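Following: one structure in structure tokens, then a few remarks.
Chain identifiers are assigned alphabetically (A, B, ...) following the order of the sequence lines, protein sequences preceding nucleic acid strands; residue numbering begins at 1 within each chain. Fair warning: this is a prediction, and the values are worked out from it, not measured in the lab.
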Amino acid sequence: MLTCQVDLPRCGGFLARSIAQRLHFPMIEKNYQPADIETRMARLWEEAGAFKAGRPERRDARPFTVVIPPPNVTGSLHMGHALNNTLQDILCRFERMRGRDVLWQPGTDHAGIATQMVVERQLMERQEPGRRDMGRAKFLERVWQWKAESGGVIVNQLKRLGASCDWSRERFTMDEGLSRAVAKVFVELHREGLIYKDKRLVNWDPKLLTAISDLEVQQIEVKGSLWYLRYPIEGKSFNPDDPATFIVVATTRPETMLGDTAVAVNPDDERYADLVGKHVILPLVGRKIPIVADEYSDPEKGSGAVKVTPAHDFNDFEVGRRHNLPQMSVLDQEGCLALVGNEDYLRGLPEGASQLAEELHGIDRFAARKLIVARLEDFGFLERIEPNTHMVPHGDRSGVVIEPYLTDQWYVDAHTMAQPAIAAVRSGATTFVPKNWEKTYFEWMENIQPWCISRQLWWGHQIPAWYGPDGKVFVAETEEEAVGNALGYYVEQEVITPEQGDEMARDPARREGFITRDEDVLDTWFSSALWPFSTLGWPDDETDVKRHYPTDVLVTGFDIIFFWVARMMMMGMHFMKDVPFPTVYIHALVRDEKGAKMSKSKGNVIDPLHLIDDYGADALRFTLAAMAAQGRDIKLAPQRVEGYRNFATKLWNACRFAEMNGCALPADFDATQATQTLNRWIAHETVRATREVTEAIEAYRFNDAAASIYRFVWNVYCDWYLELAKPVLMGEEGAAKSETRAMVAWARDEILKLLHPFMPFISEELWAVTARRDGLLVLTEWPRKAGLTSDEAVLMATTSPNDGLLPPVLLALDTGEFSDPAAEAEIGWVVDLVTAIRSVRAEMNVTPATLTPLVLAGASDETRARAQRWNDVIRRMARLGDISFADRPPEGAVQLLVRGEVAALPLKGVIDLAAEKTRLDKELAKADADIKRVDAKLGNEKFVANAPEEIVEEEKEKREAAVARKTKILEALERLKNAA
RNA sequence: GGGCGCGUAGCUCAGCGGGAGAGCACCUCGUUGACAUCGAGGGGGUCACAGGUUCGAUCCCUGUCGCGCCCA
């Protein structure tokens with residue numbers, strides 16, 4: 001314990017420093033240097049294993065579990081990560097200090113497409129053989145190699161941000177355990193019929209050559225055209241000038257006309273009523289196709305007739321199904337016309353059609369569009385072209401136009417799996433914060449489509465399905481099992497002999513070409529969906545699943561509610577029979593200061609690492625927390641970060657001040673037992689701040705929590721408490737001084753605790769250098785709300801959320817015995833008096849060097865006593881000469897109203913009497929306006945009758961105060977007149 | 001077309017049934033014993049618009065206008 005017998009400031013820095021050194025803790029450096037602190041504190045936490053879950057002393061504590069939204073292994077920290085992880089870290093550090101056994105589960109996502117693209121690009125840049133030339137095995141080796149070398153960048157960046165994850169438990173979606181979870185889930189869902197293979201239209205990416213899910217498609221508005229084509233009616237001699245010989249169809253995709261298998265008109269469209277059931281001859285191709293009636297065709301749009309191309313359009317696919325139309329692909333994987341050798345296309349075509357096929361074969365879809373339109377025009381089939389702005393699907397990764405494409409893919413029956421997930425949110429088992437996101441969730445879940453989970457990529461979890469020579473599929477968790485099943489089956493079917501079966505089972509080379517594995521991999525989000533339990537060891541070891549599932553809260557952005565949250569809900573409900581988290585906190589998107597989404601192409605990306613370099617991780621974190629109000633996007637201006645860096649500096653200097661004044665906390669100090677009014681006041685304010693910060697974090701109101709601690713530190717502790725304490729700290733030794741020193745240190749320590757979740761680095765550093773400590777701040781107990789007994793605190797830390805032992809009273813306690821209205825009244829008076837004097841001095845242009853006297857006129861005994869007690873402080877802070885008392889204010893003095901009494905500054909000769917009259921007139925007008933407004937209310941019978949009693953009481957008090965004020969102002973004006 | 005959200009001080013944003021707030025910017029003053037990364041003071045808003053509910057509306061409801069996002 002440090003009790004300084006020496007008056008440190010008078011001895012100067014040197015002595016203070018040497019005393020501190022003898023007491024074995026370092027002095028606070030003169031300047032706040034975030035970079036230096038961050039490195040050292042990070043190391044300290046690491047060495048102490050501070051973030052480890054399952055610390056022995058917390059074995060019996062209630063766990064608090066959060067799984068990180070795994071960043072892409074290719075990623076680097078952007079503002080969204082910074083926000084997301086800051087908020088999670090605030091919660092984790094907060095609960096850790098509250099005694100919980102915190103597991104913040106970190107890890108990264110293999111990010112199938114993104115990672116494969118990165119490595120492919122690298123191969124290209126190095127002019128090495130491409131993926132296909134290299135072969136699957138070798139390519140995958142390269143990806144793993146890349147992952148080992150540069151895959152961990154983002155993890156280190158998260159550490160720089162201060163993320164208190166249990167890094168010893170870092171997982172990767174493709175590590176062995178998680179891969180086993182993926183296989184098991186696939187096999188079980190397949191067995192239950194919830195995963196199946198189907199041939200239907202998918203969103204095909206012609207650049208990446210893979211199917212993608214609906215969610216990976218972005219609809220982008222494109223200025224295109226609407227082409228009006230004339231399709232000749234069968235049996236009539238086509239004449240471009242005779243509308244009776246053709247039907248006009250409007251299309252945005254003329255190049256797919258080669259694959260048309262019908263023309264559709266609306267059944268209610270009278271214009272075409274007599275054509276339904278007849279046929280048209282497809283221009284250029286010569287194929288005879290029917291005219292069908294279908295609701296899909298909108299009479300208002302285009303010509304009212306549409307061509308139907310079931311293999312290249314999602315709507316047409318449905319129309320085709322309803323009318324039993326053939327599905328005819330005319331494009332290949334890369335979006336080029338595929339006509340030569342295309343049996344579906346060539347079947348039944350007239351002589352000469354193959355010539356067209358040869359001419360157009362292999363041409364890219366967009367070039368083909370031009371060619372086909374030109375050719376249609378040549379023959380009079382093109383009626384006109386209209387400009388047309390419409391939505392065109394684009395791949396979110398490749399950026400190219402997506403092609404609806406007919407292929408075999410694996411699907412999850414999302415509709416069935418969504419039902420329990422919907423019910424869980426309906427019942428409140430999981431709630432969204434803010435609540436309005438539930439609507440978005442329901443909207444999507446209730447209209448969910450089959451989820452295409454297969455990808456024609458190499459990097460990812462290869463689908464655990466094997467095919468026999470007849471295409472029969474064998475799904476199993478391991479190759480051994482699948483092959484066993486397959487060989488058994490074919491032996492039984494007498495396709496092979498038992499001896500052949502044995503050989504194939506023993507030697508993979510022998511079964512090559514007989515049994516082959518599905519080449520495709522799973523959608524990255526398939527493994528992400530298992531994250532809340534796969535990272536806990538499922539299915540191999542359920543110990544941690546039992547302790548940590550369901551997790552406590554998920555913190556994420558709204559942009560991945562569909563991608564991730566919804567799918568975790570489905571998988572969690574299915575495999576764990578419970579929600580993955582009772583609360584989903586959805587935070588905003590971080591935008592640039594103009595509100596634009598940050599993107600590389602716009603060049604408006606603010607790099608969080610640069611902000612950390614410039615202002616420190618603490619300042620960035622505090623900024624993000626302070627701006628994370630629910631329900632609004634964050635427009636980030638770097639200036640805000642600078643402001644919060646200044647806040648850190650302010651705190652730094654306040655701690656230096658405390659140190660220079662020998663402020664230290666005696667071991668047995670009890671803040672509630674303070675005797676000095678000022679000290680009782682700051683204890684009261686500290687408890688209030690504690691309550692505000694605690695309740696705000698509990699309610700996920702990060703901005704309120706940040707605002708509370710900011711205001712308390714700067715506008716209460718620094719601006720008033722330390723200033724008011726100065727005369728005591730500079731004065732004679734004694735009980736008052738000792739208590740004040742202790743209280744300065746106590747409040748400082750409470751501040752460091754409250755601030756820690758937001759600014760972990762500087763708070764930990766200051767914790768270390770301001771006193772000898774038993775342990776790190778990160779593991780120090782959070783200040784309890786007043787009235788919370790230690791038994792209750794223990795209960796809170798050890799009770800599990802579902803056992804109903806947590807009494808509601810713990811969640812809403814007031815300041816209880818810490819409240820001290822008397823202290824508030826006295827310090828409030830000092831604050832008001834000083835503020836009023838400062839204000840009028842500035843207004844009257846009194847230079848700071850001028851020490852004016854103060855006369856308290858007609859002061860009550862209480863005011864006289866207060867003025868004497870606070871004489872030094874008031875004089876120093878308000879730049880006064882001396883303070884005296886009188887029955888009436890002296891003539892020609894400026895008269896201020898402070899809590900109903902007159903404080904006069906005799907400034908005769910210093911001030912401009914006319915200006916003072918103007919000032920008083922203004923105040924008089926204000927008082928009159930107040931009285932008038934209140935009178936209007938109180939004069940309203942309905943108000944008095946209907947308004948709550950306390951509101952009416954309040955209004956009456958306001959009126960009395962305003963009237964009293966007015967009286968004093970009138971008196972002041974009167975005296976002013978006499979002085980003139 | 002459907003859904004969600006937002007229009008509050010010059011800027012970025014809190015507040016959300018009972019007298020308009022913060023930070024930054026701006027203006028004035030300041031080498032006061034932690035801090036100029038600071039201190040003191042100040043100016044600045046018919047809370048988008050129009051109706052309605054209410055004793056009372058920036059706040060609740062309806063509509064209009066403007067902006068953003070998501071889904072078709």
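At the heavy-atom level, A:E957 lies nowhere under 4.0 Å from the strands shown. A:C655 comes within contact range of no nucleotide atom at all, as no heavy-atom separation falls under 4.0 Å.
Both key distances under 3.5 Å define a Watson-Crick or G-U pair, and stretches of 3 or more such consecutive pairs in RNA chain B run B:1-7 with B:65-71, B:10-13 with B:21-24, B:26-30 with B:38-42, B:48-52 with B:60-64.
The listed nucleotides are B:U32, B:A34, B:G18; the one nearest the side chain of A:R879 is B:U32. Here B:C69 is the nucleotide among B:C69, B:G33, B:G5 with the atom lying nearest to any side-chain atom of A:F558. Proximity note for A:E955 (side chain, C-beta onward) versus B:G19, B:C35, B:C55: the nearest is B:G19. The listed nucleotides are B:C24, B:C70, B:G18; the one nearest the side chain of A:Q639 is B:C24. Nearest to the side chain of A:M627, among B:U12, B:C55, B:G19, sits B:U12.
With P as the reference atom, B:G44 and B:G39 are 24 Å apart, rounded to whole Å. B:C11 and B:C47 have their P atoms separated by 16 Å, given to the nearest Å. If you take atom C1' in B:G52 and the same atom in B:C13, they sit 30 Å apart, rounded to whole Å. For B:C6 and B:G63, the P atoms lie 16 Å apart once the distance is rounded to whole Å. As rounded to the nearest Å, B:A14 and B:C24 have C1' atoms that lie 14 Å from one another. Spacing between B:G10 and B:C65 at atom C1', rounded to whole Å, works out to 24 Å.
Remark: A:R879 engages no residue in a salt bridge (charged side-chain N to carboxylate O under 4.0 Å, His left out) (not counting sequence neighbours). A:T740 is linked by a side chain to side chain donor-acceptor pair (under 3.5 Å) to A:N679, counting only residues two or more places apart in sequence or in another chain.
Using modelled atom types, one finds a donor on one side chain and an acceptor on the other under 3.5 Å when comparing A:S213 with A:E216.
Between A:D928 and A:K966 a salt bridge is recorded (basic side-chain N to carboxylate O distance below 4.0 Å). Salt-bridge formation is not detected for the pair A:R691/A:E685: no Lys NZ or Arg NE/NH1/NH2 atom is positioned less than 4.0 Å from an Asp or Glu carboxylate oxygen.
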Distances under 3.5 Å between protein N/O atoms and the N/O atoms of nucleotides 36-41 of chain B, please, pair by pair.
residue, atom, partner, partner atom, Å
B:U37, O4', A:N646, OD1, 3.4
B:U37, O2, A:R645, NE, 3.1
B:U37, O2, A:T649, OG1, 2.3
B:C38, OP1, A:N646, ND2, 3.0
B:C38, O3', A:K650, NZ, 3.3
B:G39, OP1, A:K650, NZ, 3.1
B:G39, OP1, A:W714, NE1, 2.5

**Message:** Working note: A:E438 + A:K435, criterion salt bridge (charged side-chain N to carboxylate O under 4.0 Å, His left out); need CA distance, chi angles, decisive distance, verdict.
**Reply:** CA-CA 6 Å; A:E438 289 178 6; A:K435 200 146 183 79; 3.3 Å; yes
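A:S708 pairs with exactly one of A:E692, A:R701, A:E695 by the side-chain hydrogen bond (donor to acceptor under 3.5 Å, both in side chains) rule, that one being A:E692. Checked against A:W720 for a side chain to side chain contact (heavy atoms under 4.5 Å, CB included), the options A:V834, A:V830, A:N715 give a single hit: A:V834. Checking A:R959, A:K958, A:K937, A:R965 one by one against A:D930, the salt bridge (charged side-chain N to carboxylate O under 4.0 Å, His left out) holds for a single residue, A:R965.
Contact annotation: A:K439 side-chain N/O to B:G5 OP1/OP2 distance is not under 4.0 Å.
Of the residues in residues 929-937 of chain A, those placing a heavy atom less than 4.0 Å from an atom of RNA chain B are A:D930, A:R933, A:K937, in numerical order.
Residue pairs meeting the side-chain hydrogen bond (donor to acceptor under 3.5 Å, both in side chains) criterion with at least one member in residues 614-629 of chain A, sequence neighbours excluded, are A:D89-A:R621.
Cation-pi geometry between A:K726 and A:F657 is met: under 6.0 angstrom from the ring centre, within 45 degrees of the axis.
Regarding A:K942, its NZ atom lies at a distance of 11 Å from the P atom of B:U53, rounded to whole Å.
No N or O donor and acceptor, one from the side chain of A:E443 and one from the base of B:A72, sit under 3.5 Å apart.
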